[in-house]
Undergrad: 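Let me begin by handing over the structure; questions about it come next.
Proteins get letters first, then strands, A, B, ... in listed order; numbering begins at 1 in each.
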2 protein chains.
Amino acid sequence: MVKRTSHHEADCLIARPLDAIGDWWSLLIVRDAFDGLRRFGEFQKSLGVAKNILSARLRNLVAHGILETVPAPDGSAHHEYVLTQKGRGLFYVLVALRQWGETYFSGPGEPYTFMVDIESGRPIKRLEVHAEDGRLLYPGDTRLADFRDQENS
Amino acid sequence: MVKRTSHHEADCLIARPLDAIGDWWSLLIVRDAFDGLRRFGEFQKSLGVAKNILSARLRNLVAHGILETVPAPDGSAHHEYVLTQKGRGLFYVLVALRQWGETYFSGPGEPYTFMVDIESGRPIKRLEVHAEDGRLLYPGDTRLADFRDQENS
DNA sequence: CACGAAGGTTTCAACTTGAAACCACTTGCT
DNA sequence: AGCAAGTGGTTTCAAGTTGAAACCTTCGTG
């Protein structure tokens with residue numbers, strides 16, 4: 001084995017994101033960042049991950065522009081990790097993953113948590129995929145096209 | 001190290017899905033399954049992954065009920081791997097991941113591919129998160145609630 | 001019945017992970 | 001000033017995982 005294979009070079013635009021966040025911890029760190037966690041110690045306590053692993057993951061997320069470090073507001077020498085715009089773009093991935101989890105991974109009778117709209121306190125709507133003209137699309141109603149295909153449609 | 005830490009027991013409904021698909025290959029296998037691939041050899045050729053790894057991943061996906069094996073339609077002794085309903089539920093995760101990839105991982109001037117509606121051939125709409133009453137929600141407009149919270153809302 | 005292809009499993013070295021120990025820098029306390 | 005405790009890491013090293021290649025087994029075919 002030369003090295004763990006990287007999807008960095010892959011053509012597929014699903015593969016390349018996985019290079020940045022496709023491991024066991026990164027998305028959980030991002031989730032915690034959405035929940036307002038910012039400090040190394042907060043992430044470590046929340047996730048229970050080894051410090052060296054957390055350190056490596058944070059470095060990788062920063063390197064990919066998903067998190068950025070900012071000076072700590074309390075004036076201490078340390079910094080905090082906050083989501084960039086690119087990182088906030090993962091919101092939809094997290095929502096999708098959570099809805100899938102809510103549907104298929106919640107034990108029966110388990111007091112599971114779900115996402116609610118802060119303003120109303122009511123659960124959010126399930127994600128839907130729509131065509132440009134608004135039609136609701138299901139798995140199988142889409143395909144991939146490249147740049148040229150769009151020209152003559 | 002006892003074993004690679006599993007998120008299987010985690011309370012969080014983002015963590016548990018990651019236990020099933022949170023590695024470097026599983027989502028790519030699912031993506032290929034959406035593209036109609038069914039045979040071991042097809043996946044192997046498409047992904048370029050080592051056969052033992054592919055074998056382990058397919059077994060894991062089947063164990064999690066994301067894929068199931070069906071007898072090969074050509075009557076041969078082999079079987080094929082097809083998505084279950086649970087597996088098809090990952091459609092939204094893949095769409096979210098792809099849209100994030102399209103936005104942040106496509107090289108400049110690169111002939112990137114994107115998802116289009118089969119019927120019209122036009123790109124699909126970007127995913128949106130909506131409140132129950134239809135309001136458009138952004139990152140930060142949601143929080144998690146548990147079962148009891150909903151009662152008194 | 002030899003031969004090749006499909007679909008895996010086995011083997012083994014390199015790489016990654018995780019727990020614990022260690023280190024550096026600040027604070028807070030006395 | 002001196003010292004313990006807290007924060008934010010890095011280092012070390014055993015154990016676990018990954019990947020390439022070799023091997024095995026079961027069909028389909030000539």
Undergrad: Looking just at side-chain N and O atoms, do H130(A) and E128(A) make a donor-acceptor pair shorter than 3.5 Å?
TA: yes
Undergrad: Whether Y81(A) contacts dG8(D) is assessed here as follows: a side-chain N or O lying under 4.0 Å from the phosphate OP1 or OP2. Is that the case?
TA: no
Undergrad: As a test of reading the structure: which of dG8(D), dG19(D), dG7(C) is closest to the side chain of F40(B), going by heavy atoms?
TA: dG7(C)
Undergrad: Are R59(B) and dG8(C) close enough that a side-chain N or O sits under 4.0 Å from OP1 or OP2?
TA: no
Undergrad: Please report the distance, rounded to the nearest Å, between CG in L54(A) and C1' in dG8(D).
TA: 10 Å
Undergrad: Quick check on dT18(D): is either OP1 or OP2 less than 4.0 Å from any side-chain nitrogen or oxygen of W25(B)?
TA: no
Undergrad: With a 4.0 Å limit, can you tell me whether R57(B) has a side-chain N or O closer than that to the phosphate oxygens OP1/OP2 of dG8(C)?
TA: no
Undergrad: Under 4.0 Å from OP1 or OP2 of dG9(D): is there any side-chain N or O of H79(A) that close?
TA: yes
Undergrad: Does the plane of the ring in H64(A) sit parallel, tilted or perpendicular to the ring in F105(B)? Use 30° and 60° as the thresholds.
TA: tilted
Undergrad: Check the distance between dG8(D)'s C1' and E42(A)'s CD and give it to me in whole angstrom.
TA: 13 Å
Undergrad: Between H7(B) and R16(B), what is the shortest heavy-atom contact and its length?
TA: O-CG, 3.5 Å
Undergrad: Pick base, sugar-phosphate or nothing for F43(B), based on heavy-atom distances below 4.0 Å to the nucleic acid.
TA: nothing
Undergrad: Heavy atoms from C-beta onward define the side chain here; which of dG9(D), dT18(D), dT9(C) lies closest to that of K51(B)?
TA: dT9(C)
Undergrad: What is the separation between atom CD on Q44(A) and atom C1' on dT7(D), rounded to the nearest whole Å?
TA: 11 Å
Undergrad: Can you tell me the distance, in whole Å, between the CG atom of L47(B) and the P atom of dG19(D)?
TA: 11 Å
Undergrad: The test is side chain to side chain contact (heavy atoms under 4.5 Å, CB included); show your working for Y81(A) and E68(A) and say whether it passes.
TA: CA-CA 6 Å; Y81(A) 300 89; E68(A) 64 187 341; over 6 Å; no
Undergrad: Starting at the 5' end of DNA chain C, which residue's closest nucleotide do you reach first, R39(B) or N52(B)?
TA: R39(B)
Undergrad: Between atom CG in L37(A) and atom P in dG8(D), what is the gap in whole Å?
TA: 12 Å
Undergrad: Roughly how far apart are E42(B) CD and R38(B) CZ, rounded to 0.5 Å?
TA: 8.5 Å
Undergrad: Could you tell me how far apart I29(A) (CD1) and dG9(D) (P) are, to the nearest whole angstrom?
TA: 12 Å
Undergrad: For the pair made of CD1 in I53(A) and P in dC13(D), what is the distance, rounded to whole Å?
TA: 17 Å
Undergrad: So, is S55(A) close to the dT10(D) phosphate, meaning a side-chain N or O under 4.0 Å from OP1 or OP2?
TA: yes
Undergrad: Just the rounded figure in Å: distance from C1' of dT16(C) to CG of N60(A).
TA: 13 Å
